[in-house]
Protein chains: 2
Amino acid sequence: MDDKNISQAVVSRLPRYYRYLGDLKDSGIERISSQDLSKLMKVTASQIRQDFNNFGGFGQQGYGYNVEYLHSEIAKILGLNEIHNLIIVGAGNLGQALANYMNFERRGFIVKGIFDKNPDLYGKELRGIAVQPVENIENFVKENDIDIAVLTIPKDGAVKTAEILVKCNIKAIWNFAHVDLNVPESIVVENVHLSDSLMKLSYGIVNQ
Amino acid sequence: MDDKNISQAVVSRLPRYYRYLGDLKDSGIERISSQDLSKLMKVTASQIRQDFNNFGGFGQQGYGYNVEYLHSEIAKILGLNEIHNLIIVGAGNLGQALANYMNFERRGFIVKGIFDKNPDLYGKELRGIAVQPVENIENFVKENDIDIAVLTIPKDGAVKTAEILVKCNIKAIWNFAHVDLNVPESIVVENVHLSDSLMKLSYGIVNQ
DNA sequence: AAAGATTTGACAATCATTTAACAATGTTGT
DNA sequence: ACAACATTGTTAAATGATTGTCAAATCTTT
């Protein structure tokens with residue numbers, strides 16, 4: 001894409017803008033100023049304008065931003081206009097929950113394969129997709145144009161699986177294991193450390 | 001607790017320190033210097049020392065940090081030495097997955113109740129706990145010393161449930177719904193917006 | 001068509017976080 | 001017990017992020 005050095009702070013805010021703009025669009029609102037959006041989202045208007053300007057000017061002086069246009073531009077920035085094929089590695093509780101988490105497919109994230117090391121699960125169908133042995137991952141990824149691997153397995157397995165995924169040129173890993181994966185920089189890793197999140201919550205309780 | 005103005009950036013790093021120190025402890029390592037830890041964790045030694053010093057000095061010049069002591073001190077800071085009772089609101093895929101996510105209980109987060117609005121689920125047991133109607137939440141929270149509510153329901157329900165939880169003086173909400181909850185500042189809210197996380201991943205793919 | 005109101009984009013100023021540097025302090029080996 | 005070494009805690013400098021300000025552009029009203 002176009003951008004040079006967009007900070008992680010800015011990128012982290014984009015999905016939230018996207019969500020609010022989607023809601024505004026759904027309620028039939030055509031335009032919004034940074035000031036009105038700032039009241040709604042409880043951030044400064046300055047930050048909103050600054051953020052959007054990282055990607056070029058989407059607004060118009062005296063008018064504000066066109067909700068639908070801005071929404072679709074952010075979608076493009078986030079790559080939501082493209083289809084991404086993914087596999088889920090780990091058909092346990094969390095893997096199953098994510099497989100059934102339908103919204104992903106509506107947004108272009110297509111579950112193509114599900115893998116587990118437990119033979120009892122082989123053949124079991126989740127959303128019409130049969131669970132396969134983890135040994136199949138390498139070939140499957142190579143042959144099915146898979147961009148993303150979702151890791152919902154314990155940490156030892158996650159580290160080993162990540163090594164295999166690197167070999168088959170996966171583009172990104174969505175990592176739910178409680179471990180930091182050590183992969184080349186060219187591979188995108190997004191961690192969802194649920195226990196870290198719960199600890200932060202706990203910190204908040206203890207420290208008012 | 002003791003602290004004045006610990007920044008959110010510092011707090012976010014504590015669980016990761018806790019995880020690494022736990023691993024070191026498990027492998028029988030007694031002491032570690034900020035420099036060695038910095039190599040392991042791929043952050044600067046300076047940041048490590050700075051972070052720990054927010055909570056008082058846990059190290060010793062010429063020696064480094066005692067792994068077990070530091071681990072337990074961070075546990076205290078994070079409130080992991082206390083028991084927290086919680087309820088899960090929403091017994092769908094994600095709620096069930098979290099209920100079965102046993103590690104929480106090992107760390108003092110005890111699932112006391114599970115609620116859903118779907119009558120088909122009433123009485124169904126997850127980890128020995130029967131699903132109850134959401135109408136019971138208010139009384140249950142008041143009578144069972146519940147600190148934390150885990151919201152794994154769609155956004156409309158989450159907003160309404162949050163209002164009820166505020167009324168019964170819940171301390172914290174772990175929010176998995178794709179919506180920002182509007183609650184008094186005194187209530188801790190930790191959001192896990194999975195779709196936001198996936199969008200960030202998508203951004204990473206598209207923008208190398 | 002002109003005047004006044006609105007609102008962006010850009011830049012400057014402020015605030016926060018991270019990194020570097022080093023004196024002070026304790027450790028280790030002899 | 002001493003000297004050489006290691007490593008923290010702390011302060012200062014550098015970097016990064018957020019907020020405030022205002023000229024320029026556009027819209028809206030009369």
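Chain naming here is simple, since letters A, B, ... match the order of the sequence lines and numbering starts at 1 in each. Keep in mind that what you see is a predicted model, and the values were worked out from it rather than measured.
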Axial bend angle, the helix from C/dA1-D/dT30 to C/dT30-D/dA1: five-pair end segments, nearest 10°
30°
Please report, rounded to the nearest Å, how far the P atom of D/dT7 is from the CZ atom of B/Phe52.
15 Å
If you only use heavy atoms from C-beta on, which nucleotide in D/dT10, D/dT18, D/dT8 is closest to the side chain of B/Gln50?
D/dT10
A/Phe104 ring center within less than 6.0 Å of A/Tyr101 ring center
yes
Matching residue for A/Tyr65 among A/Tyr20, A/Phe58, A/Phe52 - test: ring-ring contact (aromatic ring centres under 6.0 Å, His included)
A/Phe52
When you match A/Arg49 and A/Val10 each to their closest nucleotide on DNA chain D, which lands nearer the 5' end?
A/Val10
Integer-rounded Å distance: D/dT10 P and B/Asn54 CG
11 Å
Aromatic centroids of A/Trp174 and A/Phe109 separated by under 6.0 Å:
no
Need two values: the first and the last nucleotide of DNA chain C, 5' to 3', having an atom under 4.0 Å from any heavy-atom of chain B.
C/dT17 to C/dT28
Can a salt bridge be assigned to the pair A/Glu138 and A/Lys142 using a cut-off of 4.0 Å between side-chain N and carboxylate O?
yes
When you check the phosphate oxygens OP1 and OP2 of D/dG9, does a side-chain N or O of B/Tyr65 lie under 4.0 Å from one of them?
yes
Short N-O contact, B/Lys42 and A/Asp180, less than 4.0 angstrom
no
Kindly give the heavy-atom pair with the smallest separation between A/Ala177 and A/Lys155, and that separation in Å.
CB-CA, 4.2 Å
To the nearest Å, how far apart are B/Gln60 CD and D/dT7 C1'?
10 Å
From CZ of B/Phe58 over to C1' of D/dT7, roughly how many Å is that when rounded to an integer?
17 Å
Between B/Asn191 and B/Val179, the two heavy atoms sitting closest are OD1-O, 4.3 Å
Would you mind telling me which residue lines up with the more 5' stretch of DNA chain D, B/Arg31 or B/Asn53, judged by nearest nucleotide?
B/Arg31
So does A/Asp145 pair up with A/Lys171, basic N to acidic O under 4.0 Å?
no
Is the phosphate of D/dT19, meaning OP1 or OP2, less than 4.0 Å from a side-chain N or O of A/Thr44?
yes
Could you tell me the separation between the CD1 atom of B/Ile32 and the C1' atom of D/dA6, rounded to a whole number of Å?
15 Å
Rounded to the nearest 0.5 Å, what's the gap from CG on B/Leu80 to OG on B/Ser72? Could you check?
11.0 Å
Report yes or no: is there a donor-acceptor pair, N or O only, under 3.5 Å between the side chain of A/Ser46 and the base of D/dG20?
yes
